[in-house]
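In this chain, numbering begins with 1 at the start of the sequence shown. All values derive from a computational prediction rather than experimental measurement.
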Amino acid sequence: LDCFGLPRGILNGTLPLRGKLLSPDCMWPEQKLIVELDSREVHDTDRAFQGDRLRDRILLAEGWRSARITWAQLRDEPDEGAADLRRLLG
C-alpha cells in the first residue's frame, strides 16, 4: 500500500459485532471499510464459503463495506486493485 500512496489499514485487527469478534485481514474503521485477501487454499471449502457470506452480510447490515481480493488479483493486477481501494477509501 505504501508504494501506491494509500493509507495503512489495521491488519488482522479485532472488530466486535453482534457478540462476535471478527478479525478482518485489513480494515479502515473511519471509513468502515474492510478488505479480505482470499486464497482458494483457505476459502475454497464449504465452511469458509458459508462463513464468508455470513460475515459479509453482518458487516453490511452494521454499516460496513467489505471488499474481497484474491491473491491472484493482488499479484497480477496490483494497479487496478490500488485504484479501486483508493476510490473505496474516498
Side-chain angles (χ1 to χ4, degrees):
L1 296 177
D2 290 339
C3 66
F4 291 102
L6 294 166
R8 285 185 178 217
I10 298 170
L11 300 176
N12 300 309
T14 301
L15 178 62
L17 286 178
R18 293 193 190 174
K20 300 178 187 301
L21 289 178
L22 304 182
S23 181
D25 291 331
C26 196
M27 69 177 165
W28 290 263
E30 189 174 309
Q31 291 87 356
K32 293 187 94 170
L33 175 65
I34 286 176
V35 172
E36 296 290 357
L37 304 172
D38 291 350
S39 67
R40 277 197 191 273
E41 184 177 316
V42 174
H43 293 269
D44 203 21
T45 66
D46 185 58
R47 182 178 178 168
F49 181 87
Q50 295 296 328
D52 289 346
R53 272 78 195 157
L54 173 61
R55 181 182 172 132
D56 288 347
R57 190 183 76 225
I58 289 170
L59 288 166
L60 278 171
E62 297 299 323
W64 287 77
R65 296 171 298 148
S66 178
R68 294 188 172 275
I69 301 173
T70 67
W71 284 109
Q73 291 167 349
L74 191 62
R75 180 193 64 224
D76 299 339
E77 304 164 355
D79 294 331
E80 290 177 34
D84 287 341
L85 184 54
R86 184 172 289 107
R87 286 185 200 101
L88 288 166
L89 288 167

Going only through I, L, V, M, F, W and Y residues with side-chain contacts under 4.5 Å, is there a path from [X] to [Y]?
X: Phe4; Y: Leu74; answer: yes
X: Leu37; Y: Leu89; answer: yes
X: Val35; Y: Leu60; answer: no
X: Ile69; Y: Trp28; answer: yes

With the threshold set at 4.0 Å, does a side-chain nitrogen-carboxylate oxygen contact exist between Arg55 and Asp52?
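Judged by the 4.0 Å cut-off on N to carboxylate O distance, Arg55 and Asp52 do not form a salt bridge.
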Keeping the roles fixed (side chain from Arg86, backbone from Gly5), state whether a donor-acceptor pair exists under 3.5 Å.
no
Closest non-hydrogen atom pair, [X] against [Y]:
X: Pro29; Y: Trp64; answer: CA-CH2, 3.7 Å
X: Arg65; Y: Leu88; answer: NH2-O, 2.9 Å
X: Cys26; Y: Gly9; answer: SG-CA, 3.9 Å
X: Pro24; Y: Met27; answer: CG-SD, 3.9 Å
X: Ser66; Y: Glu36; answer: OG-CG, 4.4 Å
X: Arg18; Y: Ile58; answer: NH1-CG1, 3.7 Å

Any side-chain heavy-atom pair of Ile34 and Leu15 under 4.5 Å
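In short, these two side chains touch, coming nearer than 4.5 Å.
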Is any side-chain heavy atom of Asp56 closer than 4.5 Å to a side-chain heavy atom of Arg68?
yes
Verdict with supporting geometry, Asp84 and Arg87, salt bridge (charged side-chain N to carboxylate O under 4.0 Å, His left out)
CA-CA 5 Å; Asp84 287 341; Arg87 286 185 200 101; 2.8 Å; yes
Steps toward side-chain contact (heavy atoms from CB on, under 4.5 Å) verdict (Leu11, Asp25):
CA-CA 6 Å; Leu11 300 176; Asp25 291 331; over 6 Å; no
